[in-house]
Protein chains: 2
Amino acid sequence: MSETLSASRCTADDTARAPRAHGTRRTLFRHATGRANELAWGLTESGVPDVRLGRRDTLLRSGTRFEALYVIRAGSCKLVVTNPDGEEHIVAFCLPGEVIGLEALGSGVHATTAYALEALTCWRIAAERVDMLLRHNGAFARAVVDVLSLDVGRGLRALTMLGTMTAAQRLASFLLDLAERYQQLGFSGSAFELRMTRTEIGDHLGLSTETVSRTLSRLRTDGLVSVSGRSVRLRDRTALGQILLHGA
Amino acid sequence: MSETLSASRCTADDTARAPRAHGTRRTLFRHATGRANELAWGLTESGVPDVRLGRRDTLLRSGTRFEALYVIRAGSCKLVVTNPDGEEHIVAFCLPGEVIGLEALGSGVHATTAYALEALTCWRIAAERVDMLLRHNGAFARAVVDVLSLDVGRGLRALTMLGTMTAAQRLASFLLDLAERYQQLGFSGSAFELRMTRTEIGDHLGLSTETVSRTLSRLRTDGLVSVSGRSVRLRDRTALGQILLHGA
DNA sequence: CGTTCTTTTGACGATCATCAAGTCCCGTGG
DNA sequence: CCACGGGACTTGATGATCGTCAAAAGAACG
C-alpha cells in the first residue's frame with residue numbers, strides 16, 4: 001500500500017481491515033460507531049456482503065424501527081440527527097470497519113439517519129440475528145457491550161471538550177482523529193482525502209462554513225497542514241496536538 | 001410526597017424508585033449513567049446496599065481498573081474527566097437510580113472520576129459478578145446493552161446541540177433535564193435544590209461561572225424561573241422549552 | 001460551456017470569557 | 001452568640017472569538 005492516498009484508491013479498496021482496539025485518545029467524535037473486529041463473529045457466519053449504495057443514498061433513517069446492524073466494508077457515511085426544527089446535525093463520520101445502528105438496540109428505533117458520502121458497501125446483520133446472538137452467545141454479547149461502552153467513553157471525552165474548544169482546537173481534533181483512523185485502516189495517516197464538504201465539517205464541529213475555511217487557511221499559513229480542496233496533508237502532527245491541548 | 005422539595009428530604013429518602021424508560025427527549029447530559037430498573041436483576045440477588053460516602057468523597061477514580069458497577073440509592077454525584085493538562089470537566093451529574101461505571105466495561109479502565117456532591121449511598125455490583133451475568137444471563141446482557149445503547153443515543157443528541165447552543169439554551173436544557181429526572185424520581189419537577197455550585201454548572205455546560213450567574217439572573221427577571229441560592233423553581237417550563245428550541 | 005455548488009476572504013456585530021469589585025452565605029472559633 | 005474568614009455568588013466593563021452578511025473565485029456536473 002502506497003503512502004499517499006487518493007480518494008479513488010481508498011474507496012476502491014473494499015476490505016475492512018481488522019483494526020486493533022486503541023487506548024485512551026484525546027480526539028473527538030468517534031460516536032455511535034464502534035469497531036468491527038470484536039464483532040467479526042456475527043459476520044463470518046452471515047456470509048455475503050450485502051448493501052451497496054451511491055452518494056447521498058440513505059442507509060437507514062432516524063425514527064424507523066431497528067431492523068439490522070451494518071458494518072462498513074468500503075466507503076464512508078455520515079450520521080445525522082434531525083431536531084424538531086428540521087435542523088440537521090452531523091454526529092459522526094463513519095469509515096470502513098465501523099458499526100452503524102448500535103444506538104438503536106435499546107429503544108428499538110434508530111436515533112440517526114445515515115447518508116452515504118460516496119459509494120458504500122456494508123455487511124448487514126439482521127435484528128433477529130443480533131437478538132439471537134445476544135441471548136445465546138456470551139462472547140458476542142460481551143463484544144457488543146464492549147463496543148458500546150467504548151463509544152460511551154469516547155462520547156464522554158467529546159462532551160468534555162465540545163463546550164470549551166476553540167475553532168482551531170476542534171479542527172485539530174478532527175484532523176488528528178481522521179488521521180488515526182485512516183492509519184488504523186492501513187492508509188497513510190499524514191495524507192488523505194476529505195470525503196465531506198466544509199459545510200459538513202462545520203455541521204459536525206459546531207462551526208460555520210466560513211470559520212472552518214478560515215481556520216484551515218490559518219493552519220496552512222502556519223505550516224501545520226497542506227490543504228488543497230479536499231486533499232489534506234498533516235505536516236506537523238505534534239504541533240496539531242499542542243493546539244488541541246493548549247489552544248490556538 | 002409533598003410538592004416542595006428540600007435538600008434534606010430528598011437526601012434522606014433512600015429508595016431509588018424504579019423510573020420508567022422515557023422516550024426521546026430534547027435535553028442534554030444524561031451521559032454514562034443509565035437507569036437501574038433494567039438492572040434490578042443484578043441487585044435483587046446481591047442483597048445489601050454497600051457503599052456510603054460523604055461530600056467530596058471519591059466513589060471511583062479515572063484510570064483505575066474496573067472493579068464494580070455502582071447504582072445510586074440516595075444522594076448525587078458528579079462524573080469528572082481530567083485531561084492531560086489537569087483541567088477538570090464535569091461530564092454528568094448523577095441522581096438516584098443511575099448506574100455508574102458502565103463506560104469502563106469495554107476498556108476495563110474507568111474513564112471518569114466520581115465525586116459525591118453530598119451524602120451518597122450506592123449498591124455495588126462486583127466486576128466478576130457483572131462478567132458472570134453478562135456471559136450466562138442473556139436477559140442481563142440485553143439489559144446492559146439497552147442501557148448503554150440509550151446512553152449513546154442521549155450522547156448523540158447532546159453532541160448535536162453542544163457545539164451550537166447559546167448560554168441560555170444550555171441552562172434551559174440543564175434545568176429541564178434536572179426537572180424531568182427529579183419528577184421521574186417522584187419529586188417535584190418544578191421546584192428543587194441544586195446540589196452543585198455555579199462553577200460546577202459552568203464546568204458542565206462549557207460556560208464561565210459569571211455567565212451561568214448572569215444567565216440565571218436574566219431568566220429570573222424574565223419571569224421564567226425563581227432562583228434563590230441553590231433553590232430553583234421553574235415558573236414557565238413551556239417558555240424554557242421554547243428557549244431551548246429557538247434560542248434566547 | 002453555462003449553471004450550480006463549494007470554497008475563500010473581508011467587514012461587522014453579537015455572544016461570551018476575562019478581569020475586577022463588591023455582596024451574600026455559611027461554618028468556625030472566640 | 002457573635003465576629004471573622006473564606007468561599008460562593010452577583011454585577012459591571014472590556015476585549016477576543018466566532019457567526020452573519022456579502023462578494024467573488026474556483027470546481028463539479030450536466
Side-chain angles (χ1 to χ4, degrees), chain A residues 6-8 11 54-56 78 87-90 115 117-119 161-174 193-222 225-232 243 246-248, chain B residues 6-8 54-56 78 87 89-90 117-118 161-174 193-222 225-232 243 246-248:
Chain A
S6 74
S8 58
T11 308
R55 172 168 171 72
R56 292 182 192 283
K78 61 177 177 182
E87 296 168 9
E88 292 199 337
H89 274 263
I90 299 172
Y115 296 106
L117 289 173
E118 58 188 324
M161 305 170 68
L162 244 192
T164 53
M165 288 199 310
T166 65
Q169 286 176 303
R170 295 183 201 205
L171 268 162
S173 164
F174 176 70
E193 284 301 300
L194 298 174
R195 301 295 200 290
M196 66 295 287
T197 68
R198 302 287 192 270
T199 302
E200 284 171 330
I201 295 174
D203 278 352
H204 182 43
L205 298 176
L207 301 171
S208 68
T209 305
E210 295 93 329
T211 299
V212 171
S213 181
R214 255 187 276 268
T215 307
L216 279 178
S217 297
R218 172 118 188 283
L219 292 177
R220 189 184 50 210
T221 61
D222 290 352
V225 302
S226 303
V227 188
S228 172
R230 304 271 177 102
S231 307
V232 172
I243 285 181
H246 303 294
Chain B
S6 73
S8 58
R55 173 165 171 74
R56 293 181 192 283
K78 60 177 178 182
E87 296 168 10
H89 274 264
I90 298 171
L117 289 173
E118 58 188 325
M161 306 169 68
L162 242 193
T164 53
M165 289 198 310
T166 66
Q169 285 175 303
R170 296 181 201 206
L171 267 162
S173 165
F174 176 71
E193 285 300 300
L194 298 173
R195 300 293 200 289
M196 66 294 287
T197 68
R198 302 288 193 269
T199 302
E200 284 171 331
I201 295 174
D203 278 352
H204 183 44
L205 298 176
L207 301 171
S208 67
T209 306
E210 296 93 329
T211 299
V212 171
S213 181
R214 255 188 276 269
T215 307
L216 279 178
S217 296
R218 173 117 188 283
L219 291 177
R220 188 184 50 210
T221 60
D222 289 353
V225 301
S226 303
V227 188
S228 173
R230 303 270 176 102
S231 308
V232 172
I243 286 182
H246 302 295

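Just so it is clear: chains get the letters A, B, ... in the order the sequence lines come, proteins before strands, and each one is counted from 1.
The two residues B/Ile90 and B/Lys78 have their closest heavy-atom pair at CD1-CD, 3.9 Å. Nearest heavy-atom pair, A/Ile201 versus A/Val212, reported as atom, atom and distance to 0.1 Å: CG2-CG1, 4.1 Å.
Using a distance-only test at 3.5 Å, with no hydrogens or angles considered, no donor-acceptor pair links the side chain of A/Arg195 to the main chain of A/Leu117. A/Arg220 places no side-chain N or O within 3.5 Å of a backbone atom of A/Val225 that could act as its donor or acceptor partner.
Applying the salt bridge (charged side-chain N to carboxylate O under 4.0 Å, His left out) test to B/Arg218 and every residue at least two apart in sequence or in another chain returns B/Asp222. In this view, A/Arg230 satisfies the salt bridge (charged side-chain N to carboxylate O under 4.0 Å, His left out) rule with no residue, not counting sequence neighbours. The side chain to side chain contact (heavy atoms under 4.5 Å, CB included) test applied to A/Ala167 returns A/Leu207, A/Thr211, A/Thr215, not counting sequence neighbours. The side chain to side chain contact (heavy atoms under 4.5 Å, CB included) test applied to A/Ser231 returns A/Glu193, not counting sequence neighbours.
Rounded to whole Å, atom P of D/dC18 lies 16 Å from atom CD1 of A/Ile201. The CZ atom of B/Arg218 sits 14 Å away from the P atom of D/dT11 (whole-angstrom rounding).
Computed from C1' positions of five pairs at each end, the angle between the two local axes of the helix from C/dC1-D/dG30 to C/dG30-D/dC1 equals 40°, rounded to 10 degrees.
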**Q.** Sugar-phosphate or base contact per nucleotide [nucleotides 5-21 of chain C; S, B, -; heavy atom under 4.0 Å]
**A.** -SSBBBB----SSBB--

